[in-house]
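So that the names make sense, note that chain A is the first sequence line, chain B the second, and so on, each numbered from 1. As the structure is a prediction and not an experimental result, all values here were calculated from the model. All values below were derived from every heavy atom in this structure, side-chain atoms included, with hydrogens, water molecules and symmetry-related copies excluded.
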Amino acid sequence: MKRRAFLGLGGLALAATAMGGWTLIHNGPQPLLVSARNNADGKHYAVGYTLDGNEVFATQVNERCHDVVPHPQLPMALFVGRRPSTESYLIDTRTGELLQTLTSPAQRHFYGHGAFHADGQWLYATENDTSEPGRGVISAYRLQGKQLIRDHELSTHGVGPHQLLWLPDNETLVVANGGIRTEAESRVEMNLDSMEPSLVLLKRDGTLISKEQLPERMNSIRHLAIAADGTIVSGQQYMGEVTDKAPLVAIKRPGEAFQPFPLGEEQRLVMHQYTASVAINSELRLLAMTAPRGNRVFIWDLDTGAVRLDAALPDCAGVGAVEQGFVVSSGQGRCRLYDCRQPKIAVQPLQLPAGLWDNHLRLA
Amino acid sequence: MMRSPFTIALAGLALSACSQTDPQQTTSAALTEGVLVPGYSSWVETNRQLASSGAAFCADQQDLATARQAFLGAQSAWAGLQPMLVGPMGEGNLSWQVQFWPDKKNLVARQVTALLNKTPQVTPAILDKSSVVVQGLTAYEYVLYDTSIDLNDPAQKARYCPLLTAIGDHQQALSTHVLEQWQAEDGISAQLKTFPNERYAEPTEAIAELLRTQVTAIDGLKKKLGTPMGRQSKGTPQPYQAEAWRSNASMSNVSATLAGAEKIWHGANNDGIQALLGDDNKALKDKIDAAYAETRAQLATLQRPLSEMLKDEQGRKSLNDFYETLNILHRLHEGELARTLGIQLGFNANDGD
């Protein structure tokens, strides 16, 4: 989705009516990179930087966050608490002001991911029902002024949900059910011998549309990216033996079944059974993924599966699409811009602070 | 979600930090020339000896004891290389092709047997296409040392020899190829010396990777000892989960890895990581020097094979004491040293989210 186009159409009117009190301020000519980041002492921050290195905000938060969900129109973003955190933070992305500490109710904790609906009035977050550990819940929060109010819950129709995103119709939610049962205040896997990962599509009212699985039961479906044409890509983390051959990237093209993405054996091996963030550049029809155990960044042609980039980047973390291609962060080194507009991808280090970047980044 | 066009000012990222006098660049280059390239070169040499030993043994021109010595040489060189696995050897599954550990389910025995039953005449080409489990030193060790195999029996020797020679060739080819990649025009050796390049944006990133690799190897030693010591199994020793248990070389491997780690610290001419600590950090430097000396001293007292030490109280206590010195060494590098050098070792790789 082109944000500017969206703003031009519905955003302003909406903001003027349903979200009175906010002024729409553009971040200027550059996107804002938002991410969870630590400082050298291990303290947790919600940060926003322009890509040329200007710090827009760095707000200290209690708990380590995972993904960030920018509001589709307003200058705010939810920094979602990392599993098994019970806190998420709604931040003003112009100033870093903490607008709200969102606390999950008893017997719920966040899984690190969420998604704003395109209308900007609802946020959906994956949560764990710890009274029935692992039962996947999607909690719907209504935006009222500068506060998210918990409204109702849906089922993810699966166990241990992780990332969720909208299809371009803005009415269908896609959920990666990781399949792993964990208990409150714990990250210990309880059911490695009986995992149930699945890719679920559901309607906004919670009705199940489809539930698909990969053949390998221990292949946890974790992260998602969705193209403008509705193509869904997932990244897996395989919990079985290091020598097993499990598909670590999978794809569901519109109208087709969920299936392994054609991955070269060399690429699959270098991932060490572990993928982190995925992103799609819809204009360039490219798929990018970070594999921090292999310290490698990959870019593929989304349509042909051809490898466009297989590059070293120690402790690579978040990835997001920009006009030129992709921006990738690292827990250890500098962030990189991969300019993919020419046949040979050009890599440029960015003047953002090096290292300590957490798993995901978003461009708001 | 995509934003409108923008341009990024990439003007001269830390160009001033890339001059010849940058201490991190000097250290990275010195370690490359003085420690890493020599380390890889001697590893290649031990694999050349392994391949020729395998061929000689199988032609009945060398006895088993000599063949085992050649194996131990290659295995020790590989252990010494652990703190230096930056670049091609740290990527992909190449390291599995050299050694398959941990082997929780004794895959090496099963897969060697299955391979030879299916393909009695294993050739290097067949081995190249086989599982990593049978391609490397772990399979070679199994053939040379496992009590179920009697290489003095001509029939058994004939059964296992094609595999031995194929592994020798595979290891020689693999190590030679890796060294070539190191020394290629834009290879990792060049990338560790001149910045910025496709891999490293600045010298700090190279130093961070060298330190991370070294720290990972020291941490790996804790796993290699901790697993057989039963630290992951409620204190019950697991002698067959040790690295190199068949050749009784577990402790000498530890020694080789520690020596490799210390080379990264000292460098060939006191120009390793330690050179980055100025006079104001002399206390830390002394502490790390002392920690290396202590691990060496402790290790020197552990003269019995690991499997024997695991059997009695005194042996287990000595191992625990040694494990503690490793732990101190590991923490000093991971914590104080990294912090003092302003280096992030990263945290996403083992995150599980």
Side-chain angles (χ1 to χ4, degrees), chain A residues 1-4 29-31 38 40 51-53 66 70 72 82-83 112 162 187 222 237 241-243 266 269-270 274 276 281-283 290 292-296 311-312 314-317 321-324 330-334 336-337 347-351 354-359 362-364, chain B residues 1-14 86-88 90-97 100-105 107 111 131-133 188 191 195-202 204-213 338-339 342-353:
Chain A
M1 180 182 12
K2 282 275 190 193
R3 176 172 164 136
R4 183 167 280 174
Q30 289 201 29
N38 281 353
L51 290 179
D52 60 2
H66 190 62
R82 174 179 184 258
R83 171 175 64 102
H162 201 62
R187 294 174 59 81
R222 315 289 289 185
Q237 295 172 1
E241 293 297 318
V242 289
T243 44
E266 211 171 305
L269 282 166
V270 84
Y274 191 91
N281 186 314
S282 284
E283 271 70 11
T290 54
R293 284 196 188 155
N295 298 305
R296 291 200 85 79
D315 208 50
C316 47
V322 291
E323 192 214 1
Q324 296 96 321
S330 159
Q332 188 180 316
R334 286 203 177 272
R336 305 289 207 265
L337 169 72
V347 53
Q348 302 260 28
L350 294 170
Q351 274 186 306
L356 300 166
W357 295 90
D358 216 316
N359 294 170
R362 296 282 152 192
L363 294 144
Chain B
M1 187 178 305
M2 204 110 42
R3 281 293 304 269
S4 48
F6 66 95
T7 36
I8 296 170
L10 290 158
L13 174 84
V86 293
E91 290 156 8
N93 72 333
L94 283 183
S95 67
W96 285 351
Q97 291 189 32
F100 189 74
W101 186 90
D103 184 9
K104 285 183 251 173
K105 297 178 176 171
L107 284 181
Q111 293 208 11
S131 157
V132 291
V133 177
I188 178 84
Q191 290 172 331
F195 307 90
N197 55 61
E198 289 246 320
R199 186 180 284 260
Y200 302 116
E202 54 199 349
T204 307
E205 291 195 351
I207 293 293
E209 186 142 78
L210 290 170
L211 184 63
R212 180 174 59 82
T213 307
R339 209 164 39 245
I343 281 171
Q344 315 310 333
L345 293 176
F347 54 89
N348 290 291
N350 294 307
D351 227 41
D353 243 315

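Residue A/Asn359 touches chain B through both its backbone and its side chain, counting heavy-atom pairs closer than 4.5 Å. The contact between A/Arg296 and chain B is made entirely by side chain atoms (from C-beta outward), counting heavy-atom distances below 4.5 Å. Heavy-atom distances place the side chain of B/Phe100, and not its backbone, under 4.5 Å from chain A. At a 4.5 Å heavy-atom cutoff, B/Ile343 makes no contact with chain A through either its backbone or its side chain.
Ranked by non-hydrogen atom pairs under 4.5 Å with chain B, the options A/Ala276, A/Pro292, A/Ala354 are led by A/Pro292. Put simply, of A/Glu266, A/Arg336, A/Arg222, A/His162, the one with the most heavy-atom pairs under 4.5 Å next to chain B is A/Arg336.
Annotation for B/Arg199 and A/Ala312: closest pair NH1-CB, 3.4 Å, computed over non-hydrogen atoms. In plain terms, the two heavy atoms of B/Trp96 and A/Val242 that are nearest each other are CH2-O, 3.2 Å. Of all the heavy atoms in B/Lys105 and A/Glu241, the pair that sits closest is NZ-OE2, 3.4 Å.
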Original post:
Yes or no on side-chain contact (heavy atoms from CB on, under 4.5 Å) for A/Asn295 and B/Arg212, after CA distance, side-chain angles and deciding distance?
Top reply: CA-CA 12 Å; A/Asn295 298 305; B/Arg212 180 174 59 82; 3.3 Å; yes

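With values rounded to the nearest 0.5 angstrom, B/Glu209 atom CD is found 10.5 Å from A/Asp315 atom CG.
A search for side-chain contact (heavy atoms from CB on, under 4.5 Å) contacts involving A/Arg187 returns A/Arg82, A/Arg83, A/Pro84, B/Asp353, not counting sequence neighbours.
Ion pairing of A/Arg334 with B/Glu202 is present here, as a side-chain N (NZ or NE/NH1/NH2) and a carboxylate O approach within less than 4.0 Å.
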